Structures are given as structure tokens and as C-alpha cells.
Amino acid sequence: MANFTKSHVPRFSAEVYQNPYLPEGGREVHAIVTVTATGGGTTGGRPVSAGGDGGPDAGVVIMVDCSGSMDYPPAKMRGAREATAAALDTVRDGVGFAVVAGTHRATEAYPGGGRLAVAGATTRAEAGEALRKLSAGGGTAIGTWLRLTERLLSSVGAGIRHAILLTDGRNEHESPQELRAALDACCGSFTCDARGVGTDWEVKEVTAIASALLGTADIVADPSGLTADFTRMTEKAMGKEVADVALRLWTPLGAETVFVKQVAPTVEDLTGRRTESGPRSGDYPTGSWGNESRDYHLCLRVPAAAVGQEMLAGRVSLIISAPDGPASATPPQPLPQGLVRAVWTDDAAVSTSINPQVAHYTGQAELAQVIQQGLDARKSGDTDGATAKLGRAVQLAVASGNGATAKLLAKVVDVVDAATGTVRLKAKVAEADEMTLETRSTKTIRVKK
């Protein structure tokens, strides 16, 4: 195998957008923190060398649903085989990979032996042969697929550990508690993009998997779209440069954290994922990073103070987990900090002004929430509730310029007046359209700065 030189770890920057001014006695401080990673040499992806023990220092596992329903129609199983082969063609030489066949149990389709293969011409050809032998039959127990994937990726040290999961049905052969336990066991071990093919799977199951494992979720209604989607996902994974990045939030004595949410490119509530990292500080996981930018919404509650007083309400920094490896490994770089301030004033015009970034993402978070509430109401037969919530969603989508979500909503409701959120529920809605709206409801647009 050729010797490769790793590129530099991306450089991180953090910018804070807020209105720090509070009225006398005011306590809640809101801020948007934009985190950007640049200069990681991710264009085209970096080559990955073997790790210090001769094994790969990055790994990808693809979990393919092989349950009986994948043969109805046969295009699903055929599309899954072709998509997986295309994804493996995108995996760079030197990266560890494996294919898991998932039914009511998990099987190593390739390479077997509880290990990862090292990507190269020979192993890709062997994997292609193994893929051609995959057939549909059996049930669905996704937790077993995830646990096997975690064992396979555990051989990868501090490098990128990523998985792709494809399913076409509901997780009928294990309890929700068993799936939750598997997700809890896998959290922090690897990131995972989850995809549902067709329209017989459960949106909340697939999105919960992606959410727990800091990946993306989406629908591929037509199996013919799997190859392009798998290729995009794998290319994105190959562009990651650093794993296990955490957002560290410190607050002073007397202050508390109300919530921490990722708000771009998708809405993801991180509040409950905090792990304590020191006196008055906690870490929130953000997964793996390449050349990219994300936005986070912080809400902090500070002690009330009098006009003219000022305090540091919070300090945000980025933490890269120390890599496992030899002492000569490159030490973690010092990462930037962002400061959140609180200043008390008697100027009502100043204290009531809402920062544009905060206002935008507050609306985007509400948009995601009312779409979910509206679709749930529609499914339960609550026509009035569904109409009100989805009307509000249309109003928010159009006002914020989120055209993609507005188009998806227009397939579920007839828009009478977007500005006021006046809509009528469509009498007939294609199941794929409703599932697409639900799956993509958390996708946001960036605020124009």
C-alpha cells in the first residue's frame, strides 16, 4: 500500500451573535454561535494511512436491510446492492469497511471474522461478489445491526467512524426499549446516516436513529435514487477530518443553561446530551467535522441585576477528544472561544430588540415543531389542529425564505394565503410526500448575515 501523508486538522472559529442587553431584572440571554471548520484539506478527501498497529484509522460500515419485504418490489433489494457497491467505490484506499446484512439478526456479509477490510481494488471486488449473494428473507431487528456495527468499528481508534443504515420497514422484531438500549450503547462510538426506502418504514424510528448517532435521516421513495444518495453520503463521510468534537459551555456561579440546540443545517436539541466536564462546565457532542459551518442556539439564565451592571453569561469553546495513539501524535490544537454577555439597561428600545440571527433560528425551530405537531394531528384525525399547525408552518417557511420546506408543505396543504398561514388540508396526499415532509422537517436555512 502506498504511503500517505495526512492533511492538517481543520481550523475552527467561533462567532457569537446576540443582543446582550436586558431590562432591569431580566434573566434570559439568547445567543447564536456559528462554528466554522476550514483548511482541513478535505477537498477530494484526504488519504488515510494504516494506523500505528497496522489497522485502518478510519472506518465505514454499511447496514443493508435484507428482510423479506426488501423483495417487494425486487427493485429495493437490487437498488440496495447497487447503492452499497457504489458507496464502497467512494471509500478511499486504506479506510476500513464492512457490510452488515440486517434481518431479525445481524450478519457480517463482508469481510467476516469480526473485522474490517482495508479498502483497495481487491477488497472492493470481493465485497462486490458478497453483495451479489445478498438475498431478502427474515424480519427486522435494527438494534442487532447497530450493536454488530459498533463491535466492528471499535477497532478504529480516534479516527472517523461512520455508518450508513438502510431499512424499508418497521423494527418489528425487537421492542422499542431494545432499540433504545442499542442506541444508548452506540452513542459516541460512531456517527450514522439513516435512510428509509419506499414508504413502509416508520419515520420516527429512522429519524431517532440518526438523531441519537449525530447523523442525517432522509427518505428515498424510489429505489432508483439509492445509488446517488449512498454515494453522496459516503463522499461526505470521506470529507470528515476530525472526530468527536464537543461544544463546551461554561457558565458562572448562579447562572444555568436552559437549552443548547444545533439550529443549522438541521434542528437538533443537544440539551439532554450534556456531560459534565468541570466546575460549572459541560460538553455537548457534535460528532465529526470536515470543511463546514454549523449554528447553535444557546439560552442561558443569569441572576437578575440592576441597571448598569454587566457580566459574562457564558463561555463557549470547542474540544477535540485526545486521540488514542503514540506519544508522537499531533496534540489537540487550541480551539477558539466565544463569549456570551449580559448587560442591564433601562433603555427599553435596546433591551427589547431581538438579534436577527436569534429571531431567524427561533422561527426555524418553531417551524420544525409545528410541522411535526401538524402531521401528528392529521394522522389522529384532528383536522382543525392539523390545519392550524400546518398553516403556521407555511407562514413561517415563507417568511423565513425556506423555499424547500414551503414546497413540501404545498404537497400536503392547499395554500390560500401564505402570509397569514391560511391553508386547507388536501383531501388526498401521497404517502411519500407526507413522509418526506416529516423526515425533512428539521432542515433549516442559514440566516443571511
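What you are looking at is a predicted structure, and each value in this text was computed from that prediction instead of being measured.
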Open item on the list: I'd like to check the side-chain contact (heavy atoms from CB on, under 4.5 Å) partners of S353; sequence neighbours left out, ordered by chain and number.
Closed with: N19

TODO: Using the test side-chain contact (heavy atoms from CB on, under 4.5 Å), find all partners of A237 that sit at least two apart in sequence or belong to another chain.
DONE: H162

TODO: Determine which pairs satisfy side-chain hydrogen bond (donor to acceptor under 3.5 Å, both in side chains) with at least one residue from residues 302-315, sequence neighbours left out, and list them in order.
DONE: E310-R341

Open item on the list: Is it the case that the side chain of N171 and the backbone of I142 share a donor-acceptor pair, with hydrogens and angles ignored and the cut-off at 3.5 Å?
Closed with: yes

- [ ] Verify the neighbour count for atom CZ of R105: are there more than 12 heavy atoms of other residues, nucleotides or ligands below 6.0 Å?
- [x] no

- [ ] State which residues pass side-chain contact (heavy atoms from CB on, under 4.5 Å) with D89; sequence neighbours excluded, sorted by chain then number.
- [x] R124

- [ ] Flag the pair R180 and D184 as a salt bridge only when some basic side-chain nitrogen lies within less than 4.0 angstrom of an acidic carboxylate oxygen.
- [x] yes

TODO: Could you note down all residue pairs passing side-chain hydrogen bond (donor to acceptor under 3.5 Å, both in side chains) where residues 395-412 supplies at least one of them, sequence neighbours left out?
DONE: Q364-S400, Q364-N402, R392-Q395, N402-T405

Open item on the list: Please evaluate residues L437 and I371 with respect to the criterion side-chain contact (heavy atoms from CB on, under 4.5 Å), reporting the C-alpha separation (whole Å), side-chain torsions for both, the decisive distance (0.1 Å), and the verdict.
Closed with: CA-CA 8 Å; L437 174 60; I371 288 173; 3.8 Å; yes

Task: F97: partners by ring pair (Phe, Tyr, Trp, His ring centres under 6.0 Å), with sequence neighbours left out - done: Y110

Task: D376: side-chain contact (heavy atoms from CB on, under 4.5 Å) partners, not counting sequence neighbours - done: K204

Task: side chain to side chain donor-acceptor pair (under 3.5 Å) against K261, all qualifying residues, sequence neighbours excluded - done: none

Open item on the list: My understanding is that only residues two or more places apart in sequence, or in another chain, count here; which of them pass side chain to side chain donor-acceptor pair (under 3.5 Å) with Q373?
Closed with: K389

Task: For T90, side chain to side chain donor-acceptor pair (under 3.5 Å) partners two or more places apart - done: none

Task: Set of residues satisfying side chain to side chain donor-acceptor pair (under 3.5 Å) with respect to Q372, sequence neighbours excluded - done: S441

- [ ] Would you please name every residue forming a ring pair (Phe, Tyr, Trp, His ring centres under 6.0 Å) with H297, sequence neighbours left out?
- [x] H30, F259

TODO: Compute both the distance and the angle, then confirm whether R294 meets the cation-pi test with W289: under 6.0 Å from the six-membered ring centre, within 45 degrees of the axis.
DONE: yes

